[in-house]
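The next block holds one structure in the form of structure tokens; read it before the comments.
The shown structure was predicted, so the numbers you read here are calculated from the model rather than taken from an experiment. Atoms within each ligand, like the ligands themselves, are counted from 1 in listed order. Basis for what follows: all heavy atoms, side chains included, without hydrogens, waters or symmetry-related copies.
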Amino acid sequence: MLKVSIKMLAIFAAVFMSSGCDDSANNDEQNIQIVMGTSADMPPFEFYKGSDIVGYDIDVAKAIAVEIGIKLAVRDMDFSALVPALQSGRVDMVLASMTPTPERRQVIDFSKPYLTLPLVVITRDDVSIKSVADLASKKIGVQLGSTHEQFAKDLASKDKSISVHSLNKLAELIQELKIGRVDAVVMETKTAKSFQKMNENLQLVPLDERTVSFAVAFPKDSKWQEKVNASIEKLHIAGRFEEIRQKWFSN
Ligand code: ARG
């Protein structure tokens, strides 16, 4: 009798302990939150719909978080504040249509690219820009801290008739374009199309065959990088990126 109850107790303890362990493991995972920084001024990738931040990148980040089994918190800031936020550890990762560059790679890390798009300039109907050559003597608007700013500054360093105006938010640049304070704004094609749809009399001009990629950015030596890369791969194969693409890019 005594033998039996000891055995029972042992089984009970084993079951209890193992289920206890499982629970705490699950809870731990679910309680871990990954803080994502973004600059929610760039439709259809990251932008405000009412008080919510939505878009392609947000859906990609949510899918990654589900895949890894963690919570996602989103912090909005100026684009130029994102790299410093990664460096200081204020955010764990960035999805903000950010393009990996050698300069950025010196201070932060990137995932594999999750998207590649053509670069364009958006300009008014009354401005005659047909190609990069026509940017001579133009005022070019760019987002502060972006690769577009670097691109425009490089042009301006070769052609002194070009001037570069850097501002924090893309919507501010579109405003400047509409009132004639800049002649063209550099951005990715899908975003330019979104702004074109929201505003009259704007046209898009492709910049040669130039394309840019977007990747997830991390602080150096992040513990998340490998997990995020693995989940990006899985999501690709599972067709989740295609679904997200359809959702945000169809019309
Ligand atoms: N792809 C460009 C870059 O990496 C611009 C990204 C701007 N992103 C944004 N959310 N406003 O510099």
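Note on Lys112 versus Glu233: salt bridge recorded, some NZ/NE/NH1/NH2 to OD/OE distance being below 4.0 Å. Lys139 and Asp183 are not joined by a salt bridge, as no carboxylate oxygen comes within less than 4.0 angstrom of a charged side-chain nitrogen. Under a 4.0 Å N-O distance rule, the pair Glu149/Lys153 qualifies as a salt bridge.
Atoms of ligand 1 lying under 4.0 Å from at least one heavy atom of Asp41, given by number and element, are 9 (C), 10 (N), 11 (N). Near Met98, with a cut-off below 4.0 Å to any heavy atom, the atoms of ligand 1 are 4 (O). Taking a cut-off of under 4.0 Å to the non-hydrogen atoms of Glu188, the atoms of ligand 1 that pass are 1 (N), 2 (C). Atoms of ligand 1 lying under 4.0 Å from at least one heavy atom of Met42, given by number and element, are 7 (C), 8 (N), 9 (C), 10 (N), 11 (N). Per-residue contacts place Gln143 under 4.0 angstrom from the following atoms of ligand 1 (heavy atoms of the residue considered): 7 (C), 8 (N), 9 (C), 11 (N). Heavy-atom proximity to Ser146, at under 4.0 Å, picks out these atoms of ligand 1: 12 (O).
Under 4.0 Å from ligand 1, the heavy atoms of Glu46 that appear belong solely to its side chain.
Within the 4.0 Å heavy-atom shell around ligand 1 one does not find Val212. Contact annotation: Arg104 has at least one heavy atom less than 4.0 Å from an atom of ligand 1.
Residue, atom and distance of the protein heavy atom nearest to atom 5 (C) of ligand 1 are His148 CE1, 3.6 Å. Scanning the protein for heavy atoms near atom 8 (N) of ligand 1, the closest one is Ala96 O, 2.9 Å. In terms of protein heavy-atom proximity, atom 2 (C) of ligand 1 is nearest to Thr147 OG1, 3.3 Å. Here the heavy atom of the protein found nearest to atom 6 (C) of ligand 1 is Ser97 O, 3.3 Å.
Pro113 approaches Ser213 most closely through the heavy-atom pair CB-CB, 3.8 Å.
Remark: the backbone N or O of Thr123 is not paired with any side-chain donor or acceptor of Gln203 at under 3.5 angstrom. Formation of a donor-acceptor pair under 3.5 Å by the Thr191 side chain with backbone atoms of Met42 is not found in this model.
The closest side-chain donor-acceptor pair between Asp154 and Gln150 falls under 3.5 angstrom.
Applying the ring-ring contact (aromatic ring centres under 6.0 Å, His included) rule to pairs touching residues 109-151 yields nothing, sequence neighbours excluded. Screening residues 173-228 for ring-ring contact (aromatic ring centres under 6.0 Å, His included) gives Phe45-Phe214 as the qualifying pairs, with residues at least two apart or on separate chains.
Checked by distance only, ligand 1 and Phe214 stay at 3.5 Å or farther apart across all their nitrogen or oxygen atoms.
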